[in-house]
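This report refers to the structure that appears directly beneath it.
What you see is a predicted model; the values in this text were computed from it and never measured.
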2 protein chains.
Amino acid sequence: MTIDLLSRTKCSECPIRHRAVCAHCSGDELDVLEQLKSYKTFKAGDPILWRGDTLTFVASLVQGVATLGKTMEDGRTQMVGLLLPSDFIGRPGRSQIDFDVVAVTDVTLCCFQRKPFEALIASTPHVAQRLVEMALDELDVAREWMLLLGRKTAREKIATFIHMLVQRQHLGGAEIAQQALVLPLTQEQIANYLGLTLETVSRQLGAMKKEGILQFSDRRRFEVVDFPALHLATGDDSDGGMLV
Amino acid sequence: MTIDLLSRTKCSECPIRHRAVCAHCSGDELDVLEQLKSYKTFKAGDPILWRGDTLTFVASLVQGVATLGKTMEDGRTQMVGLLLPSDFIGRPGRSQIDFDVVAVTDVTLCCFQRKPFEALIASTPHVAQRLVEMALDELDVAREWMLLLGRKTAREKIATFIHMLVQRQHLGGAEIAQQALVLPLTQEQIANYLGLTLETVSRQLGAMKKEGILQFSDRRRFEVVDFPALHLATGDDSDGGMLV
DNA sequence: AATATTCCTTGATTTAGATCAACTATGACA
DNA sequence: TGTCATAGTTGATCTAAATCAAGGAATATT
């Protein structure tokens, strides 16, 4: 029996896309997980994991938004990742993490004990293979962000961030732009994600509003009115930005 | 038979530390690799892989230094990784890369065809497991660099870079500081790694020389005279910086 | 409905680092 | 041993974004 394990394909029975983690979708070899499944919820603002914590579980984010962040002693913080629904939290083979995971909105996780999960990996090579690919995907994202943090201007950073949100929104299978999007973070959090200050984020968003690239209906809800202009503003290759 | 696959432990018969990749050290199940092993060499400055290239092999870097870099259309570049001896190049399950790999010095790679290597992974779960861990290690490094790029000052960036060099030098098993180190990159390359300009790198290195933290015998060869001061200058936690 | 808090905006000012511009040291190579 | 190219230095100037400072708008709390 071959299953597309840990794919990003949405499971028809539950909101989780990582099918190996989602017990609803498990194949014969994954039945063991069913018994270990548990849901955890966190309130907006709650810490999910602190830097240095011992990891006892791996999880799939079912609902909500969480951030991975690093903080320096003097308070400077840098987000190193953003977790949206369907994202995987876990470091198979690792017992510690080197950053904080914080719930930005109310968050629901579908959790599995780490030990049995690792036992599963140890016995099923194609699950392990899929996990390598997932880790490499995350690595690609991290490296793309390194280019952003090291070399992009404030405007390019903001444009890239919005562009990424649009792309992720459409991964789920929704149709093309011109539809309402939501900023999942406050402007201060966006600033921490982009290596900027909140004032700069406000000014740049304001400028894009004024230029007619974005249109806000609400403090958080907006549309991309001029997608080509948005893509141009990212500074990325002129080819790679098409939807679909 | 249990082998410490893909560990960073140095093989006694060759300079490669990833034992699964180093055919000298292979166990029974790895004999297949012996036949596929081949060495490739590159001159300083040679491209090893271009962004978008199809990957036909995985490899271990035996000798020399190479960089992983991203370049924007207007020429801005950001290095997203540094490959030193014992580092692994390869993306099992991935056929393309999204950055350039360039030899900084003369480079020797120990290469294996990707397909047979992936077949090996598919049949031996603990190799796959080790690869997950390696990818997660790289991810940790990338995220540490995100903090550096997004939030650290020029001085902190330089100090962190030197600090990292010292740490890596000592991973091999050498004794404590106060010994000659070599900058593996030009100041322009360091600038591209740290999200700075070459002038800023020059000025900051000059300042640390003047302050008696570093001492250069040569343009490239130097010693860390005041390691505590170096560590302090990184801006990192006051605890985590000890050698050993 | 009034009050407090959190989030966002906008302006004035400062500054770290970029940019521009010579110039110097170091090898490399003929 | 001199010429060339590459790498590094050093100074003057500029600027993007940070910082400082005040308000204002939305949301939550009483």
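- Going from atom CZ of B:Phe222 over to atom C1' of D:dG8 covers 16 Å, rounded to whole Å.
- Residue A:Lys209 is in sugar-phosphate contact alone, with no base atom involved, counting any heavy-atom pair closer than 4.0 Å across all strands shown.
- Taking atom CD1 on A:Ile190 and atom P on C:dT9, their separation rounds to 10 Å, with Å as the unit.
- Of all heavy-atom pairs between A:Met72 and B:Arg151, the closest is SD-CB, 4.4 Å.
- For B:Lys210 and D:dT9, the NZ to P distance is 11 Å, given to the nearest whole Å.
- A 4.5 Å side-chain heavy-atom check between A:Lys157 and A:Thr200 finds every atom pair outside the cut-off.
- Closest heavy-atom contact between A:Ala142 and B:Met146: O-SD, 4.0 Å.
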Contacts under 3.5 angstrom, residues 64-71 of chain B side chains, donor-acceptor by atom type, not counting sequence neighbours:
residue, atom, partner, partner atom, Å
B:Lys70, NZ, A:Glu144, OE1, 2.7
B:Lys70, NZ, B:Asp98, O, 3.4
B:Lys70, NZ, B:Asp98, OD2, 3.2

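- In this structure, CG of A:Leu185 is placed 18 Å from P of C:dT6, rounded to the nearest angstrom.
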What does nucleotides 16-30 of chain D look like as a protein-contact string, B for base, S for sugar-phosphate only, - for none, at under 4.0 angstrom between heavy atoms? -SSBB-----S----
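- Considering only side-chain N and O atoms, B:Gln187 lies nowhere under 4.0 angstrom from the phosphate OP1 or OP2 of D:dT6.
- Rounded to whole Å, the distance from CG on A:Leu198 to C1' on C:dC7 is 9 Å.
- Minimum interatomic distance between A:Met79 and A:Tyr193 (heavy atoms only, all atoms of both residues): CB-CD1, 3.5 Å.
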How far apart are the C-alpha atoms of B:Arg51 and A:Asp237, what are their side-chain angles, what is the distance that settles it, and do they pass the salt bridge (Lys or Arg N to Asp or Glu O under 4.0 Å) test? CA-CA 12 Å; B:Arg51 177 176 178 207; A:Asp237 291 353; 2.9 Å; yes
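- Between B:Glu156 atom CD and C:dG17 atom P there is a gap of 9 Å when expressed in whole angstrom units.
- The interatomic distance linking A:Gln189 (CD) with C:dT6 (P) rounds to 13 Å, in whole Å.
- Taking atom CZ on A:Arg220 and atom C1' on C:dC8, their separation rounds to 11 Å, with Å as the unit.
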